[in-house]
Peer 1: 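Structure in structure tokens, see below.
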Protein chains: 2
Amino acid sequence: MEYMNTASTSEPRWLSDEQQRVWRSYIDATTLLEDHLDRQLQRDAGMPHVYYGLLVKLADSPRRRLRMTELAMYAKITRSRLSHAIARLEKNGWVRREDCPDDKRGQFAVLTDAGGEVLRQTAPGHVEAVQQAVFDRLTPEQQKALGEIMRIVAEGLQPSEAGADLPWLR
Amino acid sequence: MEYMNTASTSEPRWLSDEQQRVWRSYIDATTLLEDHLDRQLQRDAGMPHVYYGLLVKLADSPRRRLRMTELAMYAKITRSRLSHAIARLEKNGWVRREDCPDDKRGQFAVLTDAGGEVLRQTAPGHVEAVQQAVFDRLTPEQQKALGEIMRIVAEGLQPSEAGADLPWLR
DNA sequence: CCGAAGTAGTTAAAAATTCAAGGAGAGCTC
DNA sequence: GAGCTCTCCTTGAATTTTTAACTACTTCGG
């Protein structure tokens, strides 16, 4: 009878009333926040939040560049999605592609000066939005708890052993 | 010199190192989780997470129906987005529209029997996914903290209090 | 060196979302 | 009741994301 315990045959583990309220709050907050930041950045920087995050990550990287796959992993998005995103950012002149000398399949996404300039001009507004929407409203204890909780959830969903096949990271 | 304190002229309130780590974890967790649930539901129920949430809300409503605007507000999405979503769900036969007798502009979104059936069959798998990704990994205290934190953030972004996030305009 | 298998990245098409605009009815004022 | 404004919802186009191939290159095992 070991199969009685599989998800498909056993009694569903419904959420408690309290858990349902937590989950609803989570959905509401994440939906509203992502929407809020998307609009803020679309208005002030001309790009959605995810794209902005790509530029930030490039800016923080050595020589302002990253391999496509590596950038996709940092941003937690698919390579396909990244390809489209970089194509769009390239059209804006904020990123350029560069061939990887070591691996002829490889591409670097490189932050351009124009891209750096956009970041410089819009970063303050974006941080301010994040501060007002999140950190200003939470106690230091809550901030700490949030970090811990999100770290745990993210770890549990991390694509398994990704990076094991990325030699240049080791 | 009161304008010295506007966001555009004063020194940006950068995030502390610890806050940056919290924020990064938040982005990672929410991105991975939404992606995870989208795939789970796309595979098992043939629709993205947001659409699933619409059916759930309808199922919980009196007479399994809700005015479009009301549903949009519950789901925290725009009416435009909801229009498209309901159109798609209607094509699947899971929702139908009904005219509102009181207000000729109004429309009800009504959950069909087929829609209820999809929900019945896929709800267990979805709850299980949420349990495994979130609640199984958190202590009761963390679950409580998460609820409180998300409630605070969501409240601060509620459109009803629009302008609350623009203190420099007051 | 050869071939099989795996990896890096792109692409086209389909689906979803945003954005701006608009039609139609409700409600308010004079 | 005419005009004005506001609300409800939809629509079409543009943008973004997903999905499923697909090309080109690398690596591994012999």
Side-chain angles (χ1 to χ4, degrees), chain A residues 31-32 34-43 45-54 65-73 75-92 95 97-110 159 161-169, chain B residues 31-32 34-43 45-54 65-73 75-92 95 97-110 159-160:
Chain A
T31 304
L32 288 168
E34 186 58 18
D35 197 65
H36 180 66
L37 296 181
D38 265 343
R39 284 178 205 287
Q40 186 264 317
L41 282 171
Q42 192 65 58
R43 173 167 52 79
M47 70 189 118
H49 188 206
V50 186
Y51 290 26
Y52 183 87
L54 298 176
R65 75 195 52 209
L66 236 29
R67 288 286 295 268
M68 294 294 283
T69 296
E70 199 175 358
L71 181 51
M73 283 189 353
K76 266 77 189 172
I77 62 177
T78 63
R79 278 172 303 196
S80 172
R81 186 175 174 182
L82 180 64
S83 262
H84 290 296
I86 293 295
R88 197 273 220 187
L89 292 171
E90 205 171 18
K91 240 179 249 173
N92 283 282
V95 167
R97 289 178 217 249
E98 238 176 72
D99 291 340
C100 175
D102 305 335
D103 187 337
K104 285 179 187 167
R105 298 166 303 179
Q107 290 277 106
F108 282 107
V110 186
E161 286 101 25
D165 47 314
L166 294 177
W168 64 80
L169 280 183
Chain B
T31 305
L32 287 168
E34 186 58 17
D35 197 64
H36 180 65
L37 296 181
D38 265 343
R39 285 179 204 287
Q40 186 264 318
L41 283 171
Q42 192 66 58
R43 174 167 51 78
M47 69 188 119
H49 187 206
V50 185
Y51 289 27
Y52 182 88
L54 298 176
R65 75 195 53 208
L66 235 31
R67 287 287 295 268
M68 293 294 282
T69 296
E70 200 175 356
L71 182 51
M73 283 188 352
K76 266 77 188 173
I77 62 178
T78 63
R79 274 170 303 190
S80 171
R81 185 174 174 182
L82 179 63
S83 263
H84 290 296
I86 293 295
R88 197 273 218 184
L89 291 171
E90 205 171 18
K91 240 179 249 172
N92 283 280
V95 167
R97 288 179 216 248
E98 240 176 70
D99 290 341
C100 175
D102 306 334
D103 187 336
K104 285 179 187 168
R105 299 165 303 178
Q107 290 278 105
F108 281 107
V110 186
S160 54

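Lettering of chains follows the sequences in order, A, B, ..., and the numbering in each one begins at 1.
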Peer 1: For A/R79 and C/dA8, is the shortest distance between a side-chain N/O and OP1 or OP2 below 4.0 Å?
Peer 2: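 For A/R79, the contact criterion (side-chain N or O under 4.0 Å from OP1 or OP2 of C/dA8) is met.
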Peer 1: For residues B/D38 and B/H49, report the shortest heavy-atom separation together with the two atoms involved.
Peer 2: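 Looking at all heavy atoms of both residues, the shortest contact is OD1-N, 2.8 Å.
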Peer 1: Kindly give the heavy-atom pair with the smallest separation between B/D103 and B/R105, and that separation in Å.
Peer 2: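 Shortest heavy-atom separation between B/D103 and B/R105 comes out as OD2-NH2, 2.8 Å.
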Peer 1: Just how far, in rounded Å, is P of C/dG27 from CG of B/D102?
Peer 2: 10 Å
Peer 1: Taking the nucleotide of DNA chain D with the closest heavy atom to each, which residue, A/V50 or A/K104, is nearer the 5' end?
Peer 2: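 Its nucleotide being nearer the 5' end, the pick is A/V50.
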Peer 1: Just jot down the side chain to side chain contact (heavy atoms under 4.5 Å, CB included) partners of B/Q107, sequence neighbours excluded, or say none.
Peer 2: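 B/M68, B/R97, B/D99.
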Peer 1: Write down the distance between CG (A/D103) and P (C/dG9), rounded to a whole number of angstrom.
Peer 2: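 Distance, rounded to whole Å: 7 Å.
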Peer 1: Distance check needed: C/dG9 C1' versus A/L71 CG, whole Å only.
Peer 2: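 Computing the A/L71:CG to C/dG9:C1' distance gives 13 Å.
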Peer 1: Give the rounded distance in Å between these two atoms: NE2 of A/H49 and P of C/dT17.
Peer 2: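 Rounded to the whole Å, the gap is 18 Å.
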Peer 1: Identify the 5'-most and 3'-most nucleotides of DNA chain D with at least one atom closer than 4.0 Å to a non-hydrogen atom of chain B.
Peer 2: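 That gives a stretch of D/dT7 to D/dT19.
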Peer 1: When the nearest nucleotide of DNA chain C is assigned to A/M68 and to A/D35 on a heavy-atom basis, which residue is associated with the more 5' position?
Peer 2: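 Nearest-nucleotide comparison on DNA chain C picks A/M68.
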Peer 1: Both A/R97 and B/R105 contact DNA chain C. Which one's nearest nucleotide lies toward the 5' end?
Peer 2: A/R97
Peer 1: For B/E98, which residues count as a side chain to side chain contact (heavy atoms under 4.5 Å, CB included) partner, sequence neighbours excluded?
Peer 2: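 Only B/R65, B/R96, B/F108, B/V110 meet the side chain to side chain contact (heavy atoms under 4.5 Å, CB included) criterion with B/E98.
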Peer 1: Under a 4.5 Å cut-off applied to non-hydrogen side-chain atoms, are A/R79 and A/S83 in contact?
Peer 2: no
Peer 1: What is the distance, rounded to the nearest whole Å, between atom CG of B/N92 and atom C1' of C/dA15?
Peer 2: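 B/N92 atom CG is separated from C/dA15 atom C1' by 12 Å.
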Peer 1: What residues form a side-chain hydrogen bond (donor to acceptor under 3.5 Å, both in side chains) with B/D35, not counting sequence neighbours?
Peer 2: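 With neighbours one apart ignored, the set is B/R39.
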Peer 1: Looking at side-chain heavy atoms only, is the closest gap between A/L54 and A/L66 below 4.5 Å?
Peer 2: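 A side-chain contact is absent here, since even the closest heavy-atom pair is not under 4.5 Å.
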Peer 1: Write down the distance between NZ (B/K91) and C1' (C/dA14), rounded to a whole number of angstrom.
Peer 2: 11 Å
Peer 1: In whole angstrom, what separates A/L66's CG from C/dG9's P?
Peer 2: 10 Å
Peer 1: Tell me which nucleotide among C/dT10, C/dA8, C/dA16 gets nearest to the side chain of B/R88.
Peer 2: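 Nearest to the side chain of B/R88 among the choices is C/dA16.
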Peer 1: Between N or O atoms, less than 3.5 Å apart, protein on one side and nucleotides 19-22 of chain C on the other: list the pairs.
Peer 2:
| from | atom 1 | to | atom 2 | distance (Å) |
| --- | --- | --- | --- | --- |
| C/dC19 | OP2 | A/R39 | NH1 | 2.8 |
| C/dC19 | N4 | B/S80 | OG | 2.5 |

Peer 1: Could I get the full list of side chain to side chain contact (heavy atoms under 4.5 Å, CB included) partners for B/T31, not counting sequence neighbours?
Peer 2: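 Expected list: A/K76, B/I27.
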